[in-house]
Structures are given as structure tokens and as C-alpha cells.
Protein chains: 2
Amino acid sequence: MAQMFIGPTGSGEMPRWREAFPDARMLGPQQARAQVGEGDKVWVLSRLDGWRELVMTLSQRGAVSSVLSQSPTSGEALSALNAGARGYAHALSPPELLRQMDIVISHQGIWVWPELMTQVIGGAFRALGGAASLQSEVLEGLTERERAVALVVAEGLSNKEVARQLSITERTVKAHLGAIFRKLGIRDRMQLILKLSHQESEVP
Amino acid sequence: MAQMFIGPTGSGEMPRWREAFPDARMLGPQQARAQVGEGDKVWVLSRLDGWRELVMTLSQRGAVSSVLSQSPTSGEALSALNAGARGYAHALSPPELLRQMDIVISHQGIWVWPELMTQVIGGAFRALGGAASLQSEVLEGLTERERAVALVVAEGLSNKEVARQLSITERTVKAHLGAIFRKLGIRDRMQLILKLSHQESEVP
DNA sequence: CCGGGTCTTGTCCATCGGTACAATGTCAGC
DNA sequence: GCTGACATTGTACCGATGGACAAGACCCGG
């Protein structure tokens, strides 16, 4: 559960951050990969080369990471979140804000520099509007519930996850999937995805 | 700073939520528009007609709102966030989770049902030129052989079929796939397909 | 009231998919 | 010559997946 800061080796700055977490440790990228484990909270400076990849591995390892940038942009914010980061803010944010971030990300939340959040969400929304149109003819022959299952499965979720999301049993998900496969003449979820994203494909 | 729940008039359910916030008030949409003000924390049921518009006005008024859905989807999540909501979760989430959400959104954070978060962020990432920057280099980090496997797998073929097509063992296919998953930071072939198919479908 | 369609769940089982812990051979570069 | 990246394959394990067989609940039209 250690609090750690990761920056270019030898970077002794980060005064605001130090102020917010006096007891934290400062690490270089190498040490980070070696020492960070599940539950640790890491703060990565985006000035660091390969920060994205670092965040990705640390996140998969179960660490909770935030990215601090000297010049925040919505693109970098998204990149960070996509890499698994849970927070994104200006590197020189005031200590109170940093501590606030800490609270948020410690509770499964996401914290992003507010102005950026608007852009991020806005962009995503526009894009998904287009994505929503993809469904259509393929799903015509399916029932209400089957369509719902098909769409969620096509997002890449497992049966268990679909079950949770639709508040039904995994068994029921399988039942619907079976019907979907039969009706669409396909054999598994992979082909379902292909059928929904492109209309083409189909192999012997 | 009142905690309020807004659902269809006369909806007396929401046991889990009640449990989480015993002192909160339940309102109908009309009352909400009249009474909610700055700093109030409102929970809106997405089953409610016009929930999106409601969230939008309340948010602009300075209220902090979360949306609870009976059947959460990434699309609805984005829609909620875009309307100004700060939280999005299943309507029957356990009380501890709801209180956790409360903490997060009270600290300027965003809270979204974890499984959906990945999709939401993923969608957003693809939407804003992140697609161009990273997608093209998705396969860059892979070796010759890994790329070959990735492409065939993305066609929807099984490991056995890939093996036949590339004249290698199924075991070897698994080996390459393992490396691919690790390098791309994904967990299975479904996500690989999504990562690859979304790189060709972009908007003007 | 009855039959059909839909939604739901159950058990059982064969297979697939992903990973852990390996080994072998090749080939480029220091 | 040795090291490291790459390709290949093996055994083993276990969770995920899809199908088989079955059944109860609900609703709607005949």
C-alpha cells in the first residue's frame, strides 16, 4: 500500500507532490518495475520516456496509478486512462488537489483535470453515436434480450461479465448466445463480433 | 448538500440505495427540478423518461449527479457522463459501493462501473485521434510471426485453424498469442479483434 | 384453456483458450 | 564465444465456452 512517485532517475523536484505525501518514496523507472506490486499507489511523470508502457504494466500488476503532466492535454489524458491510469492532472497541482485525487482513486474512482474531462467525454460521445449505428440488419431476427446480449458480448465482455451487467445468470447468457449463434448461423462470439463490426467476412 | 433520489413518481423500491443513504429524500422528476440546488447530490434512475435532460439541467445548476441503471451499458454510461453525471452504476449495487461512489464524486471524481470504464475509455480513446497515433503502431511492437498470428486470429479463426494455416503447432500459436496479449496489454482474442478492427473504421 | 414464443435457470460434459514451467535450435551482435 | 531476441514445441492445469437435455414462469393470440 506504499505511495510512490516515479520520475526520470535523478529528478529531485516535485515540490507540491512531496508536500502532499511527505512519507512517499521516489523511484526511478527501473526500481518501479522491480518494486511496485498490488495495491501500491504510484504517481508517474509523463515526462518520463515510456511512461505509458510503465503505467500499463504496473496497472496490470494491480497497482493504482496516476499520471502527472507538465503540460496536460486531453489526448495525453486519454492515453493515460487507456493505459490503465486512474488519475491525470497537472504535475504542479496543489497538495490539496493531489490528496483529493488520492481519495478518489483509492475508491475505484477516476480523477481527471476537470476541463479535460469535458473534452474527453464529449469526444467519446460523438464517436459512440456513430458506433451505435453499426448494429441493425444483423440483429433483426433476434429477440429483445438476445440483441442486448449480442451487443454486450460484441464489446468483448465474458459471459460472466455480461451476466453481471444484465443482472441474469451466466447460464441464461449462454442460452441467449446459443440462440444467437443458431439464428445467425455462426459458431462463436468471435464471428459475432466480426459480423457486427463489418458485414463482410464469412469463411467455410 | 442534501442527498436525493429521483425516480419515476411512486417508485418505492431502491432497497439497496435506501440502505446506503437512510436519511436521503425520494423525489419525483417535477419536485427535483423545483427543489434541487447547488451542492445537492442527486441519484437519478435511468429508467426515468427524460433522465438525460434532467441530469443536464441539474448539473448545470451545480448539483452533483449520478445515474443508476437497471441494465448498464457503455453507451448509456457515456450518455450520462456527457450529460454531466459524475457517477454511473447498476441500480442494485450494494450499499458499500454506493457510499464509495458518493465519496468519489464528492471529491471531484468520476465513478463508473469498472467493467464499463474500460469500454468507455477505450471508445473515447479511439474517438479522439488516439486512434491514429496508437492503432497504427499496435502491431509495431510485435515480431514478424506474432503479427501474422494476430492477423489470422483477428479473422475469427480458432487456434487449431491458425495452426493449420501457418503450418505450426497449436502450442506455438498459443505461445505467440500469449506474447501478443502481454505486449498489447489485453486479456484475450476478443480484445485483440476489437483493437484491430477499430483501427480501420474511423470517421472523417 | 391451450399452444407457442420468450426469458429464465439448472446440470452435465466435451472442448477450447490462456497460462505456468519448461526445453531446443537459430541467428545477430558485442 | 557468449548473450539475447525469436521461433518452435512439449506437458499440465484450470477457467471459459458452447452444446445437450430439461424445465418453470410469463404472456399473447386463437
Side-chain angles (χ1 to χ4, degrees), chain A residues 30 33 37-38 50 53 56-57 59-62 139-196 203, chain B residues 47 70-73 90-92 115 118 137 139-196:
Chain A
Q30 296 311 320
R33 283 173 201 277
E38 184 164 355
E53 208 272 334
M56 212 177 268
T57 49
S59 295
Q60 285 187 326
R61 204 183 294 176
L139 303 174
E140 288 296 307
L142 305 183
T143 68
E144 182 78 26
R145 217 56 177 144
E146 286 163 358
R147 260 195 298 278
V149 171
L151 289 177
V152 181
V153 165
E155 303 259 8
L157 276 68
S158 71
N159 287 340
K160 206 185 294 283
E161 290 168 328
V162 175
R164 254 200 301 269
Q165 186 162 128
L166 299 184
S167 301
I168 52 180
T169 317
E170 189 176 344
R171 179 61 190 87
T172 308
V173 174
K174 288 184 180 181
H176 288 312
L177 267 180
I180 292 169
F181 297 154
R182 186 169 39 76
K183 289 182 178 177
L184 300 186
I186 56 184
R187 71 158 186 259
D188 57 29
R189 56 216 296 118
M190 293 295 280
Q191 310 212 329
L192 177 58
I193 269 202
L194 292 173
K195 222 176 178 89
L196 287 181
V203 269
Chain B
R47 203 185 47 183
Q70 241 103 16
S71 57
T73 68
H90 194 291
L92 297 180
E115 267 114 52
T118 316
E137 69 184 49
L139 298 175
E140 291 295 316
L142 305 182
T143 68
E144 182 81 26
R145 218 54 178 145
E146 286 163 358
R147 262 196 297 278
V149 171
L151 289 176
V152 182
V153 164
E155 298 276 337
L157 302 194
S158 71
N159 286 342
K160 206 186 295 278
E161 291 167 327
V162 175
R164 253 200 303 272
Q165 180 151 341
L166 299 183
S167 301
I168 52 180
T169 318
E170 190 177 342
R171 178 62 189 86
T172 309
V173 175
K174 287 186 176 182
H176 288 312
L177 268 181
I180 292 170
F181 296 154
R182 186 168 38 74
K183 289 183 179 175
L184 300 188
I186 55 184
R187 73 158 186 258
D188 57 30
R189 58 213 297 120
M190 294 291 283
Q191 311 210 332
L192 175 60
I193 252 199
L194 291 174
K195 211 161 187 126
L196 289 181

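Remember, it's a predicted structure, so these values are computed and weren't measured experimentally. First the proteins, then the strands, lettered A, B, ... as listed; each starts at 1.
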Review point. Rounded to the nearest Å, what distance is computed from the CZ atom of residue B:Arg189 to the C1' atom of nucleotide C:dT19?
Key: 14 Å
Exercise for review: Enumerate the residues from residues 170-179 of chain B whose closest heavy atom to DNA chain D is under 4.0 Å, giving them by residue number; use none for an empty result.
Suggested key: B:Arg171, B:Thr172, B:Ala175, B:His176
Review point. Under the side chain to side chain donor-acceptor pair (under 3.5 Å) test, which residues partner A:Thr57, sequence neighbours left out?
Key: none
Practice item. Report the distance from atom CD of B:Glu161 to atom P of C:dT15, rounded to the nearest whole Å. Key: 16 Å
Review point. Rounded to whole angstroms, how far apart are NZ on B:Lys183 and P on C:dG18?
Key: 17 Å
Exercise for review: Using a 4.5 Å cut-off on heavy atoms from C-beta on, say whether the side chain of B:Asn159 contacts that of B:Arg189.
Suggested key: yes
Practice item. Return the residues of residues 144-151 of chain B meeting this criterion: a heavy atom under 4.0 Å from some atom of DNA chain C. Order them by number, or give none. Key: none
**Study point:** Nearest heavy atoms of B:Ala154 and B:Leu196, plus distance in Å
**Key:** CB-CD1, 3.6 Å
Check your understanding: Is any side-chain N or O of B:Asn159 closer than 4.0 Å to OP1 or OP2 of C:dG17?
Key -> yes
Point to revise | Contact list for residues 163-183 of chain B, test side chain to side chain donor-acceptor pair (under 3.5 Å), sequence neighbours left out | key: B:Glu146-B:Lys183
Point to revise | Reported CG-to-CG distance for the pair B:Leu151 and B:Leu142, which is rounded to 0.5 angstrom | key: 9.0 Å
Check your understanding: How far does CG of A:Leu194 sit from CD1 of B:Ile193, to the nearest 0.5 angstrom?
Key -> 4.0 Å
Review point. Once you build an axis from the first five pairs and another from the last five of the helix from C:dC1-D:dG30 to C:dC30-D:dG1, how far apart in angle are they, to 10 degrees?
Key: 30°
Review point. What is the distance from CG of B:Leu192 to C1' of C:dG18, rounded to the nearest Å?
Key: 13 Å
Practice item. Would you mind reading off the distance between B:Lys160 atom NZ and C:dG17 atom P, rounded to a whole angstrom? Key: 8 Å
Revision key, fill the gap. Interatomic distance, CG@B:Leu177 vs CG@B:Leu192, rounded to 0.5 Å, equals 7.5 Å
Practice item. Can you tell me the distance, in whole Å, between the CE atom of B:Met190 and the P atom of C:dG18? Key: 10 Å
Review point. Under 4.0 Å: is that the gap between some side-chain N or O of A:Thr143 and OP1 or OP2 of C:dC7?
Key: yes
Review point. What integer distance in Å separates B:Phe181:CZ from C:dA20:C1'?
Key: 16 Å
Exercise for review: Measure the shortest side-chain to side-chain distance between B:Arg145 and B:Leu166 over non-hydrogen atoms and say whether it is less than 4.5 angstrom.
Suggested key: yes
Exercise for review: Name the first nucleotide and the last nucleotide along DNA chain D (5' to 3') that come under 4.0 Å of a heavy atom in chain B.
Suggested key: D:dC6 to D:dT11
